[in-house]
Amino acid sequence: MNTLKHTLNKLVGEALSVVSGLTDCDPNVITASKPEFGDYQSNGIMSIAKKVGTNPRQLASDVVEKITADANPLIAKLEVAGPGFINIHLSDTALMQRASEIQNDTRKLIPTTNKVDKIVVDYSSPNLAKEMHVGHLRGTIIGDCLARVLERQGHEIIRQNHVGDWGTQFGMLICYMREISVLQGDLPTQLADLESFYRAAKERFDADPEFADTARGSVVKLQGGDADHLVVWQQFIDESLKHCQALYDKLNVTLSRKDLKAESFYNKDLEGVVKKLEEASLLSISNGARCVFLPEFTGKDGEPLPVIIQKTDGGYLYATTDLAAVQFRSFDLKAERSLYVVDARQSLHFQQVFAVGRKAGFASENISLEHIAYGTMMGSDGRPFKTRSGDTIKLVDLLDEAIRRAHELVSKKNPGLDETTYLEIAEKVGIAAVKYADLSKNRTSDYVFDWSSMLSFEGNTAPYLMYAYARIRSILRKQNSGLQGVQITSVSEVAERNLLLKIMQLSEVVDMVARDCYPNLLCNYLYELAGMFMRFYESCPILKAEAQLRDSRLALSALTAATLHQGLDLLGIETLEKM
RNA sequence: GCACCCGUAGCUCAGCUGGAUAGAGUACCUGGCUACGAACUAGGGGGUCACACGUUCGAAUCGUGUCGGGUGCACCA
């Protein structure tokens, strides 16, 4: 089943083509900007009229006449308005008809795509040398949401967690670990707090030149495949990954060990990358480093800007690894799209990697490489987020605080439940609030980290959406006749009709999110949907209505719940029966 | 110096590929629970969409310029 918008766009577009004589007219149908304009509006008539040189209102009324003559059952009424808009009012019976099709199988709320793509989603990708901090939240949950959305549409999703496990810091850490294990043995305890372990190693590194030298040597040995170093390294990586996985589980993020494609995975391909660039005659040596210069990239003072492939000392850089990854995704995984959910500050890096990748044949022509950039999390001082001491806040601390506050609130709001229930509710509400606070913002803008808005449970927040869901479930629990075969038969109240129409529009929003990768569109939608339910709830008695109306409203409520549930699931937010 | 992102209500942010009278949340003020859950809801005040010029039937949205903020630009990732 096509979306309403898609169907209308086609309907009006075809009529417009016939009337105007132009092929491929875009009628630009959008949801109506005001209720008095109907359900949808076509904005495209004016520009077409201009192209053909006719009066826009006349053209609009010709289009209306044509569509009316065809008597499409979906349309109740069309009006020409303003300079040449067409306002579209949908038929109530057609709406209820669509609803009943979906009720029988609520998976139809989101139709599956008719062209299945293989899509790589590269997200989260923390550096394993340190613990994840609040700055890692965005990429992790935006990527997870996109993966869920695309997967739900029926695409084949390959999650890739491109963790940093191979950089220079690991020499330092390995070196420090070897010291510790000789002195104290008990490594797991030492690694329980990665952050302080890193700090200790760094202090050692800064204080003792001899240690620093050994550390630099350790990187070379590690990357050269030295067995001893690899064992110690693996031990550290395993421990660090456990930390990450615990956070993913806590965040209800779908990443697992099998999605791991660490930097080290590409180590074996790096020489090949250099060779391939050489064969393509793209490499040149500048100040001792092997670089690719592309004319479209210039740096300070207009000098040509290199993509450095291999350092003077022979070491490889992240551009090298990323080129290997482009090749892997394009030719081994054979993906049609590769999404890189990475901080906007790396835009230039990805432009370069994509450009070199195309030029040197690391990417086939079939793959679309997309940097899904997101803005930086700022402190209240307008600078990239740091605490007063200059540290970042650990992600786990943010989550724990959210859960603590949710626990406090739920035990106050809903006394008399047992402690296990409180903990379960607090965990879900707290995590959801944090995720939603981030996902509901346009990903491209920088945003200010603020405890109170991130941990708010009122207004446009996840708890509001979850509350709407819990309310519906509560009503459904109170009726015991079952909803088998019960249909929506009334949309005569404005609140009923608005709610039903909104439900039908989930699929339109999901389409937009899948195309443009903006999860906040889905958040906006769900907030409006929940708001419409709240208004319906205030103005339309459900359980107290007479039998037929009661059933219709119960069915509408149930369908709302299903829509909220599916929408929230795409955001990676779980619902609760009670809260 | 060059490039990218941004500037919308006191604060935090939306604004659907140019549409009709610019919207939410929060904060503040006023109403609504013996009720299908008040984490809710109804209403009020609050705006030179940074500024200027341009494109056009129409601009917060597109273009140019100015101002202001953020970010990136050679061997870290």
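Worth knowing before you read on, the calculation uses all heavy atoms, side chains too, and leaves out hydrogens, waters and symmetry mates. All figures in this text were calculated on a predicted structure; none of them were measured in a lab.
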**Student:** Using heavy-atom distances to pick each residue's nearest nucleotide on RNA chain B, tell me which of A/Tyr316 and A/Arg477 is more 5'.
**Tutor:** A/Arg477
**Student:** Across the strands shown, which category fits A/Asn460 at heavy-atom distances under 4.0 angstrom: base, sugar-phosphate, nothing?
**Tutor:** sugar-phosphate
**Student:** With a 3.5 angstrom cut-off on both distances, give the Watson-Crick or G-U wobble partner of B/G23, or none if there isn't one.
**Tutor:** B/C13
**Student:** In whole angstroms, how far is the P atom of B/G70 from the CD atom of A/Gln346?
**Tutor:** 20 Å
**Student:** With a 4.0 Å cut-off on heavy atoms, is A/Leu409 in touch with a base, just the backbone sugar-phosphate, or nothing at all?
**Tutor:** base
**Student:** Decide salt bridge (Lys or Arg N to Asp or Glu O under 4.0 Å) for A/Glu496 and A/Arg553; before the verdict, give the C-alpha distance in whole Å, the side-chain angles of both, and the deciding distance to 0.1 Å.
**Tutor:** CA-CA 8 Å; A/Glu496 289 176 313; A/Arg553 288 178 176 171; 2.8 Å; yes
**Student:** From C-beta outward on A/Lys578, which listed nucleotide comes closest to its side chain: B/A74, B/G37, B/G70?
**Tutor:** B/G37
**Student:** How would you label the contact of A/Gly299 with the nucleic acid (heavy atoms, under 4.0 Å): base, sugar-phosphate, or nothing?
**Tutor:** base
**Student:** Which label fits A/Phe354 and A/Tyr340: parallel for a plane angle under 30°, tilted from 30 to 60°, or perpendicular past 60°?
**Tutor:** tilted
**Student:** Heavy atoms under 4.0 Å, any strand shown: does A/Gln169 hit a base, just sugar-phosphate, or nothing?
**Tutor:** nothing
**Student:** Roughly how many Å is it from CD in A/Gln352 to P in B/A74, rounded to a whole number?
**Tutor:** 10 Å
**Student:** Quick check on side-chain contact (heavy atoms from CB on, under 4.5 Å): which of A/Leu521, A/Val149, A/Leu522 does A/Met512 satisfy it with?
**Tutor:** A/Leu521
**Student:** Between A/Asn524 and A/Glu528, is any side-chain donor less than 3.5 angstrom from a side-chain acceptor?
**Tutor:** no
**Student:** With a 4.0 Å cutoff (strictly under), does any side-chain N or O of A/Lys478 reach OP1 or OP2 of B/G37?
**Tutor:** yes
**Student:** A/Leu543 near the nucleic acid: base, sugar-phosphate alone, or nothing, with a heavy-atom cut-off under 4.0 Å?
**Tutor:** base
**Student:** With the six-membered base ring of B/G19 as reference, does the ring of A/Phe85 sit under 5.5 Å away with planes under 30° apart?
**Tutor:** no
**Student:** Looking only at heavy atoms, what is the nearest atom pair of A/Arg471 and A/Met534, with distance?
**Tutor:** NH1-SD, 3.1 Å
**Student:** Less than 4.0 angstrom between a side-chain N/O of A/Lys34 and OP1 or OP2 of B/A20, yes or no?
**Tutor:** no
**Student:** Using purine N1 to pyrimidine N3 plus N6-O4 or O6-N4 for Watson-Crick, or N1-O2 and O6-N3 for G-U wobble, each under 3.5 Å, what pairs with B/C40?
**Tutor:** B/G32
**Student:** Round to a whole Å and report the spacing from CG of A/Asn28 to P of B/U61.
**Tutor:** 17 Å
**Student:** Using the side-chain heavy atoms of A/Tyr467, tell me which of these nucleotides is nearest: B/G37, B/C75, B/U41.
**Tutor:** B/G37
**Student:** Indicate, with a heavy-atom threshold strictly under 4.0 Å, whether A/Ala468 touches base, sugar-phosphate, or nothing.
**Tutor:** nothing
**Student:** Classify the ring geometry of A/His349 against A/Tyr318: parallel below 30°, tilted from 30° to 60°, perpendicular beyond 60°.
**Tutor:** parallel
**Student:** Across all strands shown, which nucleotide pairs with B/G72 by Watson-Crick or G-U wobble geometry, both distances under 3.5 Å?
**Tutor:** B/C2
**Student:** Which class fits the ring pair A/Phe328 and A/Tyr266: parallel under 30°, tilted 30 to 60°, perpendicular over 60°?
**Tutor:** perpendicular
**Student:** Can a side chain N or O of A/Asn520 be found less than 4.0 Å away from OP1 or OP2 on B/G15?
**Tutor:** yes
**Student:** Any N or O donor-acceptor pair under 3.5 Å from the base of B/A20 to the side chain of A/Asn87?
**Tutor:** yes
**Student:** Please confirm whether the shortest side-chain N or O distance from A/Tyr464 to OP1 or OP2 of B/U41 is below 4.0 Å.
**Tutor:** yes
**Student:** Are any of A/Lys413's side-chain N or O atoms less than 4.0 Å away from OP1 or OP2 of B/C40?
**Tutor:** no
**Student:** From CG of A/Leu294 over to C1' of B/C2, roughly how many Å is that when rounded to an integer?
**Tutor:** 17 Å
**Student:** If you look at every strand shown and take non-hydrogen atoms under 4.0 Å, does A/Met46 touch a base, only sugar-phosphate, or nothing?
**Tutor:** base
**Student:** How would you label the contact of A/Glu577 with the nucleic acid (heavy atoms, under 4.0 Å): base, sugar-phosphate, or nothing?
**Tutor:** base
**Student:** May I ask you to verify if any side-chain N or O of A/Ser474 is less than 4.0 angstrom from the OP1 or OP2 atom of B/G37?
**Tutor:** yes
**Student:** Using OP1 and OP2 only, check whether a side-chain N or O of A/Arg473 sits under 4.0 Å from B/C36.
**Tutor:** no
**Student:** Does A/Ser452 have a side-chain nitrogen or oxygen under 4.0 Å from the phosphate oxygens OP1 or OP2 of B/A27?
**Tutor:** no
**Student:** What contact category does A/Ile475 fall into here, base, sugar-phosphate, or nothing, at under 4.0 angstrom with non-hydrogen atoms?
**Tutor:** base
**Student:** If we take the C1' atom in both B/C4 and B/G45, what is their distance in whole Å?
**Tutor:** 40 Å
**Student:** I want to check one thing: is the phosphate of B/G15, taken as OP1 and OP2, less than 4.0 Å away from some side-chain N or O of A/Asn524?
**Tutor:** no
**Student:** Counting any heavy atom closer than 4.0 Å, what does A/Phe37 reach on the DNA or RNA strands: base, sugar-phosphate only, or nothing?
**Tutor:** base
**Student:** Between A/Phe350 and A/His371, how do the two ring planes meet: parallel, tilted or perpendicular, split at 30° and 60°?
**Tutor:** tilted
**Student:** Mind checking whether A/Tyr464 and A/Tyr469 have ring centres under 6.0 Å apart?
**Tutor:** no
**Student:** Closest to the A/Lys5 side chain: B/G15, B/A20, B/C16?
**Tutor:** B/C16
**Student:** Could you give the CZ-to-P distance, from A/Arg138 to B/G70, as a whole number of Å?
**Tutor:** 18 Å
**Student:** Taking atom C1' in both B/G37 and B/A24, compute the distance separating them and give it to the nearest angstrom.
**Tutor:** 24 Å
**Student:** Donor-acceptor pair under 3.5 Å: do we get one between A/Thr312's side chain and the base of B/C75?
**Tutor:** yes
**Student:** Kindly point out which of B/A74, B/A39, B/G25 is positioned nearest to the side chain of A/Cys291?
**Tutor:** B/A74
**Student:** For a quick check of understanding: with a heavy-atom distance under 4.0 Å over all strands, which category does A/Met579 fall into, base, sugar-phosphate or nothing?
**Tutor:** base
**Student:** Provide the distance between the two C1' atoms, one in B/U12 and one in B/U34, to the nearest whole Å.
**Tutor:** 39 Å
**Student:** Would you say B/A77 has OP1 or OP2 under 4.0 Å from some side-chain N or O of A/Tyr318?
**Tutor:** no
**Student:** Rounded to whole Å, please give me the gap between OH in A/Tyr447 and P in B/C6.
**Tutor:** 17 Å
**Student:** A/Tyr527 has a side chain; which of B/C76, B/G25, B/A39 sits nearest to it?
**Tutor:** B/G25
**Student:** Expressed in whole Å, how much space separates the C1' atoms belonging to B/A38 and B/A50?
**Tutor:** 40 Å
**Student:** From C-beta outward on A/Gln41, which listed nucleotide comes closest to its side chain: B/C6, B/G15, B/A20?
**Tutor:** B/A20
**Student:** Considering only side-chain heavy atoms of A/Lys311, which listed nucleotide, B/C75, B/A74, B/G15, is closest?
**Tutor:** B/C75
**Student:** I'd like to know if A/Thr461 reaches the base of B/A39 with its side chain, counting only an N/O donor and acceptor under 3.5 Å.
**Tutor:** no
**Student:** Which part of the nucleic acid, if any, lies within contact of A/Arg535, taking any heavy atom under 4.0 Å across all strands shown: a base, the sugar-phosphate backbone alone, or nothing?
**Tutor:** sugar-phosphate
**Student:** Which pair of non-hydrogen atoms, one from A/Asp516 and one from A/Arg443, has the smallest distance, and what is that distance?
**Tutor:** O-NH2, 3.1 Å
**Student:** Under a 3.5 Å limit for both distances, which nucleotide forms a Watson-Crick or G-U wobble pair with B/G63, could you say?
**Tutor:** B/C53
**Student:** With C1' as the reference atom in both, quote the distance from B/U21 to B/A60 in angstrom, rounded to an integer.
**Tutor:** 15 Å
**Student:** Under 4.0 angstrom, heavy atoms only, what part of the nucleic acid is A/Ile542 near: base, sugar-phosphate, or nothing?
**Tutor:** base
**Student:** Select base, sugar-phosphate, or nothing to describe what A/Thr31 touches, counting heavy atoms under 4.0 Å on all strands.
**Tutor:** base
